[in-house]
Peer 1: 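So that we are looking at the same thing, I have put the structure below in structure tokens.
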Amino acid sequence: MSEEIFKKIVAHSKEYGFIFQSSEIYDGLAAVYDYGQLGSELKNNIKQYWWESMVKLNENVVGIDSAIFMHPTVWKASGHVDAFNDPLIDNKDSKKRYRADVLIEEHREKFQQKINKEVEKAQKKYGDNFNEQEFLNTNQRVLENKEKIAVITERFQNALNNNNLDEVRQIIIDYEIVCPISGTKNWTEVRQFNLMFDTKIGSVTGDASVIYLRPETAQGIFVNYLNVQKTGRLRLPFGIAQIGKAFRNEIVARQFIFRMREFEQMEMQFFVKPGEEMQWFEFWKQKRLNWHYAMGFNKNKYRFHNHDKLAHYANAATDIEFEFPFGFKELEGIHSRTDFDLKQHQEFSGKKLQYFDNAENRSFTPFVVETSIGLDRTFLMILSNSYDEEIIEKEGEESGTRVVLRIPPALAPVKVAVLPLLKKDGLVEKAHEILDLLKFDHNCQYDEKDSIGKRYRRQDAIGTPFCITIDHQTLTDNMVTIRHRDSMEQERINITDVEKIIAEKVSMKNLLKQL
Ligand code: GAP
């Protein structure tokens with residue numbers, strides 16, 4: 001998918017009320033977005049899918065909702081005050097600022113793309129006889145590019161792990177990475193920049209003290225670990241899930257809702273016995289990938305990517321990356337966070353955050369495996385996967401091109417549109433009867449304006465899985481036309497079957513059952 005499609009998705013999101021630039025009438029606020037009438041529905045459905053998959057389906061996972069403001073020492077203890085930084089570099093000609101690590105990663109991705117092209121070419125050439133694994137292990141050009149990836153990765157990892165910013169810059173120089181705007185290699189030094197927003201709490205200026213807007217929801221879980229464990233009488237292993245806002249002063253905030261300054265995270269901390277964390281790390285990796293697969297999009301668009309540099313708290317970390325229109329990028333992180341956070345909070349608060357194991361008759365600090373996914377990025381992933389332009393040559397449909405959002409029905413913002421063929425002869429009243437039948441279970445739309453073809457197009461464009469059309473015959477035989485979004489198939493069904501057919505197809509339960 002290309003940048004051009006991406007631009008279309010952004011424009012489409014605005015045109016149909018999914019996403020608006022924040023404070024748009026004041027020319028907007030960079031990297032901050034508002035969700036419109038359909039966007040907030042889709043967002044709520046994604047939250048429901050995640051929350052229920054975690055809290056309902058796992059008897060040992062519970063959910064909380066902690067405050068955004070936290071005691072400032074939390075962020076000292078967590079390491080965010082000292083180490084939550086991005087390495088930044090400026091191009092002196094364009095005056096544009098970049099994340100140095102992202103520039104290098106994107107350069108490295110070019111070698112991977114070359115490999116993918118070689119594979120594609122060979123696939124076409126050899127057809128059914130093509131053995132991809134053998135090709136990857138033997139083709140000269142593939143091997144050269146693999147070697148290039150290995151060399152740059154090792155150098156980059158060493159530089160990051162040693163916090164050697166001069167070396168990070170040197171990699172950019174040596175690989176002749178240019179600024180995408182000016183096209184020059186005229187780079188400044190690399191500097192670290194802390195991403196936390198701060199503000200003041202307290203009414204009197206002199207008494208006010210600095211607090212931070214949380215940069216991750218996870219710390220709200222850690223500081224409540226003992227409260228939840230004790231009041232919920234939970235035994236290891238168990239998880240605490242949370243959905244909530246997080247804030248980061250992203251300097252390089254582009255690509256729409258991919259990187260925002262205010263965003264939402266869906267995080268789960270899974271507390272385990274020390275020594276068992278790797279087994280649970282593998283368990284959650286697979287479980288989370290299955291959650292993505294169950295939505296039914298192309299599996300080739302997801303991949304694992306191990307971190308080049310482990311965060312200050314982790315002993316293993318991987319990302320689930322998704323192929324966004326601008327390339328493979330992080331969608332979700334799965335981290336083995338050891339006992340770092342709980343130990344730090346014990347030290348800084350002076351309160352014990354331990355677990356007493358009855359069977360072993362001893363106390364210890366649990367280890368933690370975390371799954372952390374951005375709600376907004378999941379939203380963008382679903383839009384990117386769903387957006388389709390299709391040429392129509394079908395009877396009963398207006399010819400031309402239709403834009404259709406193939407959103408999984410359980411997540412679609414509107415499940416069904418009820419459309420009287422005409423605004424007279426009792427069709428409107430009949431349509432409202434059907435609407436009244438469905439509205440308690442589903443988000444529905446009623447539309448009586450324009451030709452039926454135009455109305456179908458409008459519903460396709462917002463991803464509505466079903467349209468129900470009421471015509472004159474309905475009044476005599478109690479039958480309606482149900483039109484399916486993806487196939488554009490139309491069937492006559494009895495009104496008494498409408499509820500059942502729709503409920504079955506848009507059911508969150510059926511989506512969850514696939515997990
Ligand atoms: N508690 C661990 C943590 O916060 P992270 O990799 O920094 O880890 C987790 O963030 C997820 O949050 C990312 O995979 C991404 O989906 C989302 N995320 C992070 N920063 C974001 C931003 N600026 N805008 C939108 N989503 C973001």
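When a ligand or atom number is given, it counts from 1 through the structure's own listing order.
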Peer 1: When you measure from atom 14 (O) of ligand 1 to every protein heavy atom, which one gives the shortest distance, and what is it?
Peer 2: E330 OE2, 2.6 Å
Peer 1: What's the shortest distance from atom 25 (C) of ligand 1 to any protein heavy atom, and which residue and atom give it?
Peer 2: F258 O, 3.3 Å
Peer 1: Among all protein heavy atoms in this structure, tell me which lies nearest to atom 26 (N) of ligand 1, with the distance rounded to 0.1 Å.
Peer 2: F263 CD1, 3.5 Å
Peer 1: If hydrogens are left out, which of M381, E332, E267 has an atom nearest to atom 1 (N) of ligand 1, that is, the closest non-hydrogen atom?
Peer 2: E267
Peer 1: In terms of atom number and element, which parts of ligand 1 are under 4.0 angstrom from non-hydrogen atoms of G374?
Peer 2: 11 (C), 12 (O), 15 (C), 16 (O), 17 (C)
Peer 1: For ligand 1, is there an atom lying under 4.0 Å from some heavy atom of D376?
Peer 2: no
Peer 1: Name the option, out of M260, Q219, R248, that contains the heavy atom nearest to atom 23 (N) of ligand 1.
Peer 2: M260
Peer 1: Using atom types as modelled and distance alone, determine if a side-chain donor or acceptor of N298 lies under 3.5 Å from a backbone N or O of N300.
Peer 2: yes
Peer 1: Is there a nitrogen or oxygen of H335 sitting under 3.5 Å from a nitrogen or oxygen of ligand 1?
Peer 2: no
Peer 1: Quick one: look up the protein heavy atom nearest atom 15 (C) of ligand 1 and list residue, atom name and how far away it is.
Peer 2: R377 NH1, 3.5 Å
Peer 1: Give me the residue, atom name and distance of the protein heavy atom closest to atom 2 (C) of ligand 1.
Peer 2: E370 OE1, 3.1 Å
Peer 1: Would you check whether M268 reaches within less than 4.0 Å of ligand 1, judged by its heavy atoms?
Peer 2: no
Peer 1: Considering only heavy atoms of R337, which atoms of ligand 1 have at least one such atom less than 4.0 Å away?
Peer 2: 1 (N), 2 (C)
Peer 1: So, using side chain to side chain contact (heavy atoms under 4.5 Å, CB included) as the criterion, who are the partners of S507 when residues are at least two apart?
Peer 2: K509, N510
Peer 1: For ligand 1, which atoms have a heavy atom of E216 less than 4.0 angstrom away?
Peer 2: 1 (N), 2 (C), 3 (C), 4 (O)
